[in-house]
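Report on one structure; see the data block that follows.
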Number of protein chains: 2
Amino acid sequence: MAAAIELADRDGVDAISMRKLAQHLGVEAMSLYTHVRNKSDLLSGMTEAVISQIPISIDDADWKTSLRQMALAARSIILRHPWVPTTVEMQAAPGPAMLTYANAVIGILREGGFSVAQAHHALHILGSRVLGFTRDLFDDSGDLDPETAAGLARELGASHPYAVEMALAVTHGGALGRCDDDAEFEFALDFILDGLARLQSS
Amino acid sequence: MAAAIELADRDGVDAISMRKLAQHLGVEAMSLYTHVRNKSDLLSGMTEAVISQIPISIDDADWKTSLRQMALAARSIILRHPWVPTTVEMQAAPGPAMLTYANAVIGILREGGFSVAQAHHALHILGSRVLGFTRDLFDDSGDLDPETAAGLARELGASHPYAVEMALAVTHGGALGRCDDDAEFEFALDFILDGLARLQSS
DNA sequence: ACCTGAACACCGTTCAAGT
DNA sequence: ACCTGAACACCGTTCAAGT
């Protein structure tokens, strides 16, 4: 399992095949089937192993800081295993580690005074952000060299002025510095947590 | 392209292979390579074809109703092609249709009075929700028959009380009716749009 | 320009066989 | 209990050949 995680971290999850993993372990491909039912079983095992590393916040802080702590902790762990979002989405049913994590999140909300219905809404709103990741529509932390960026701007400026304006502002530090994914994640997280506080008290 | 979309709608995107698609078209697999560079080119073509169907709202309503309209329209189209979220995430670079869509969203925000920085934040917060989909952590619109549900509750109730409480409330209409994905999506969307309005005026 | 067929280097998985 | 090797039914893609 550890070997598979290491291999996925290095080469990406697409590079994981029974044959390659076996080779990585100095063994024949079919030997893996004694330890794992099939490939999807392997992938859930890897996913569960990572999820179970996310610390569940136990201290009795208020729900907002607890949730914030957990989401940021989750993010820092998942950043080290960038393939996890993919494998999480591939799973049909959540494993025990995932269930424990979800139970902790719901528990924080319920103990914080959310009704079941409110907590349910909150889960839908937080979506995968409680797990520390957001599938961005596209990478805007781009590193284009200035000349190709200028070329693109000239080509697309007429048809997509707003997109180009933002891309330019974000990539080479115009008004905004280059897009800071960490800061952007925290901003979105706090935006949601503040909204949930308002939802609860309304 | 249309044939590929039809096949993916019917059998899922995993069932799409050059060989199967060719067979579906009554042709040999290698013939496809005259119309498409490779498989990933095929998948982006399919994705782009669907994205380009999403109507860009042109009427001069305020930004909130415009964005709401677009997100709901996007959702209704993507619901008919459930594989699109997957293929969107697989793409390295956004195609023209995706760019046009993003430009429209940013344009609505900018014309609605958002600064570039605010619009940038808004994009990160909306995430894939502007495209009408959210990857839920897990399906909670489950349809378990009552007895296995009761069994699960007994088994997990001790270790995961909060998760079980919510699952029971959501699945067989306790306090909440069974989880209505449409309503839940609209709720989350409005939650975000209201928050963005507050962000803008602060 | 479009289609074909054979071929190559991969997959996941089974099964019978070994220790 | 754990590992192996051959085999099967698949992949995406190349290349030379046809019309």
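Please read all numbers here as calculations on a predicted model, not as lab measurements.
- Read 5' to 3', the first and last nucleotides of DNA chain D with an atom closer than 4.0 Å to a heavy atom of chain B are D/dC11 to D/dT14.
- Residues that satisfy the ring-ring contact (aromatic ring centres under 6.0 Å, His included) test with A/F133, not counting sequence neighbours, are absent from this structure.
- No donor-acceptor pair closer than 3.5 Å links the side chain of A/R19 to the backbone N or O of A/M30.
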Identify every side-chain donor-acceptor pair in residues 50-62 of chain B under 3.5 Å, counting partners at least two apart or on other chains, and give the distances.
unit_1, atom_1, unit_2, atom_2, d
B/S52, OG, B/E48, O, 3.2
B/S52, OG, B/A49, O, 2.9
B/D62, OD1, B/T65, OG1, 2.7

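- Legend: residues meeting salt bridge (charged side-chain N to carboxylate O under 4.0 Å, His left out) with B/D194, ordered by chain and number and at least two apart, are B/K64.
- Residues of residues 33-43 of chain A having a heavy atom closer than 4.0 Å to DNA chain D, listed by number: A/T34, A/H35.
- At least one donor-acceptor pair closer than 3.5 Å links the side chain of B/S17 to the backbone N or O of B/K20.
- Contacts classified as side chain to side chain donor-acceptor pair (under 3.5 Å) and involving residues 92-101 of chain A (residues at least two apart or in different chains) are not found.
- Ring pair A/H121/B/F187 is parallel by interplanar angle, where below 30° counts as parallel and above 60° as perpendicular.
- Ion pairing of B/R68 with B/E186 is present here, as a side-chain N (NZ or NE/NH1/NH2) and a carboxylate O approach within less than 4.0 Å.
- Under the rule for a ring-ring contact (aromatic ring centres under 6.0 Å, His included), B/F185 has no partner lying at least two apart in sequence or in another chain.
- Within a heavy-atom distance below 4.0 Å of DNA chain C, the residues of residues 2-20 of chain A found are A/I16, A/S17, A/M18, A/R19, A/K20.
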Indicate every side-chain donor-acceptor pair of residues 87-97 of chain B with a distance under 3.5 Å to a residue at least two apart or in another chain.
unit_1, atom_1, unit_2, atom_2, d
B/T87, OG1, B/T47, OG1, 2.9
B/T87, OG1, B/V84, O, 3.0
B/E89, OE2, B/R135, NE, 3.4

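- Qualifying ring-ring contact (aromatic ring centres under 6.0 Å, His included) partners for A/Y33, counting only residues two or more places apart in sequence or in other chains: none.
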Pairing of DNA chain D as dot-bracket, 5' to 3': ( ) intra-strand, [ ] crossing, | other strand, . unpaired, with Watson-Crick or G-U pairs under 3.5 Å? ||.|||||...|||||.||

Which pairs would a plain distance check flag for residues 158-166 of chain A, meaning a side-chain donor or acceptor within less than 3.5 Å of a matching protein atom at least two apart in sequence or in another chain?
unit_1, atom_1, unit_2, atom_2, d
A/S159, OG, A/L156, O, 3.4
A/Y162, OH, B/E111, OE2, 2.1
A/E165, OE1, B/R110, NE, 2.9
A/E165, OE2, B/R110, NE, 3.4
A/E165, OE2, B/R110, NH2, 2.8

